[in-house]
Asks: 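Attaching a single structure in structure tokens format; questions to follow.
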Amino acid sequence: MPMQIGLDELLSMLVSRVEEMSLDSDNQKSRFNIMFRMLYKKGLFDEKDALEAIREENRILLELGMIKAMPDDKTLKAAADNLMLWIKGDAKEIKRSIEELQKRLQAEAEKQAKPRIDVAPAGVLNELDRLGGNNTSKKLIL
């Protein structure tokens, strides 16, 4: 006999599983951060090594067809610098970098903002119709 389960029970199980996966992901990130900080402090890698590793990762992604083009050197350097900021644990510089990114994103969003639509009062539309002549069915102004 098949087991029946309610929708609320199914959703509860799925949400629980997603939460477990999220916690596991956070735990893995913390472990990697700790390991890389230990290796960096022991002098086992530096900024140059981080840049080369990022370049190699992108080369592999390109060969696998997961990215369409190799990022330019400026982008690779920025990624390496951000990675090293995190590994070094420079919280002040990370905060400044995040704030700068937020400002750039806000400026870009403002550039791409959709045009505002203003609606004229009925009296203005009637006046425009009167000035426009006999065609009283046009109320759209471009």
Side-chain angles (χ1 to χ4, degrees), residues 1-132 135-142:
M1 176 175 232
M3 185 174 107
Q4 292 185 353
I5 185 168
L7 183 58
D8 58 334
E9 292 173 300
L10 178 63
L11 289 174
S12 177
M13 288 186 326
L14 289 173
V15 167
S16 175
R17 183 66 183 131
V18 168
E19 287 173 353
E20 287 175 21
M21 289 170 52
S22 177
L23 289 173
D24 186 47
S25 174
D26 290 342
N27 190 20
Q28 286 180 352
K29 285 182 212 175
S30 291
R31 288 178 186 211
F32 277 115
N33 289 339
I34 292 166
M35 287 189 300
F36 282 118
R37 284 187 184 106
M38 288 185 324
L39 295 172
Y40 175 75
K41 287 179 181 180
K42 290 189 177 281
L44 297 175
F45 69 92
D46 60 11
E47 288 86 355
K48 184 179 141 194
D49 296 324
L51 177 60
E52 288 306 312
I54 290 171
R55 183 174 281 119
E56 180 69 8
E57 177 71 11
N58 280 278
R59 182 194 62 77
I60 293 167
L61 292 173
L62 181 64
E63 288 180 13
L64 292 173
M66 298 175 85
I67 59 174
K68 298 206 183 278
M70 185 71 166
D72 61 15
D73 285 343
K74 183 179 176 184
T75 303
L76 294 173
K77 175 90 169 87
D81 290 346
N82 285 333
L83 176 63
M84 291 307 297
L85 277 178
W86 194 261
I87 290 171
K88 290 176 181 179
D90 190 346
K92 287 181 183 178
E93 187 61 25
I94 292 170
K95 282 182 182 180
R96 189 197 62 74
S97 179
I98 290 171
E99 289 169 357
E100 183 181 304
L101 175 62
Q102 288 173 336
K103 287 177 185 176
R104 286 196 328 248
L105 290 174
Q106 176 118 16
E108 189 63 32
E110 289 173 1
K111 283 182 189 176
Q112 296 179 0
K114 295 181 180 176
R116 205 174 83 195
I117 298 175
D118 291 327
V119 178
V124 172
L125 290 175
N126 289 335
E127 183 66 21
L128 286 172
D129 285 342
R130 188 182 63 74
L131 293 173
N135 192 352
T136 59
S137 63
K138 289 190 178 181
K139 301 276 190 219
L140 179 63
I141 301 171
L142 299 176

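Nothing fancy with the numbering, it's 1 onward along the sequence.
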Asks: Could you pull out the closest heavy-atom pair between A80 and A50, with the gap in Å?
Replies: CB-C, 4.2 Å
Asks: So does Q106 have more than 12 non-hydrogen atoms from other groups sitting under 6.0 Å from CD?
Replies: no
Asks: Are the side chains of R55 and D73 in touch, meaning some heavy atoms are under 4.5 Å apart?
Replies: yes
Asks: Please round to the nearest 0.5 Å and tell me the distance separating atom CG of L83 and atom NZ of K88.
Replies: 10.5 Å
Asks: Taking N27 for its side chain and L23 for its backbone only, find out whether a donor-acceptor pair lies under 3.5 Å.
Replies: no
Asks: Would you call I87 and N33 a side-chain contact if the rule is heavy atoms closer than 4.5 Å?
Replies: no
Asks: What residue pairs, at least two apart or across chains, pass ring-ring contact (aromatic ring centres under 6.0 Å, His included) with a residue in residues 5-25?
Replies: none
Asks: Taking all non-hydrogen atoms of both residues, which atom of L76 and which atom of P71 are closest, and how far apart?
Replies: CD1-O, 3.8 Å
Asks: Does M84 reach the side chain of L51, with side-chain heavy atoms less than 4.5 Å apart?
Replies: no
Asks: Verify, without hydrogens or angle tests, whether R59 (side chain) and M70 (backbone) share a donor-acceptor contact under 3.5 angstrom.
Replies: no
Asks: Going through the distances and angles, do T75 and D72 end up as a side-chain hydrogen bond (donor to acceptor under 3.5 Å, both in side chains)?
Replies: CA-CA 5 Å; T75 303; D72 61 15; 2.6 Å; yes
Asks: Taking all atoms of both residues into account, what is the closest heavy-atom pair of A79 and I54, and its distance?
Replies: C-CD1, 3.6 Å
Asks: Closer than 3.5 angstrom, by distance alone: can the side chain of D24 be matched with the main-chain N or O of E20 as a donor-acceptor pair?
Replies: no
Asks: Can you list every pair that meets ring-ring contact (aromatic ring centres under 6.0 Å, His included) and has a residue in residues 44-66, with sequence neighbours left out?
Replies: Y40-F45
Asks: Could you grab the distance from atom CG of L14 to atom CD of E19, nearest 0.5 Å is fine?
Replies: 11.5 Å
Asks: Drop me the distance from D90's CG to S97's OG, to the nearest 0.5 angstrom.
Replies: 10.0 Å
Asks: Step by step, would you call Q4 with E9 a side chain to side chain contact (heavy atoms under 4.5 Å, CB included)?
Replies: CA-CA 10 Å; Q4 292 185 353; E9 292 173 300; over 6 Å; no
Asks: Do D81 and K77 sit within salt-bridge range, that is, some charged N less than 4.0 Å from a carboxylate O?
Replies: yes
Asks: Does a side-chain N-to-carboxylate-O contact under 4.0 Å join E108 and R104?
Replies: no
Asks: With heavy-atom distances below 4.5 Å as the criterion, would you say the side chains of R37 and L39 are in contact?
Replies: no
Asks: For E52 and D49, indicate whether the former's side chain and the latter's backbone hold a donor-acceptor pair under 3.5 Å.
Replies: no
Asks: When rounded to the nearest 0.5 angstrom, what is the spacing between CG in L85 and CZ in R96?
Replies: 8.5 Å
Asks: For the OG atom of S12 and the CG atom of L7, what is their distance to the nearest 0.5 Å?
Replies: 11.0 Å
Asks: Does K41 form a side chain to side chain contact (heavy atoms under 4.5 Å, CB included) with M38? I'd like the steps, not just the answer.
Replies: CA-CA 5 Å; K41 287 179 181 180; M38 288 185 324; over 6 Å; no
Asks: Between E100 and K103, does at least one N-O distance fall below 4.0 Å, as a salt bridge requires?
Replies: no
Asks: Rounded to the nearest 0.5 Å, what separation is found between the CG atom of D26 and the CE atom of M21?
Replies: 12.0 Å
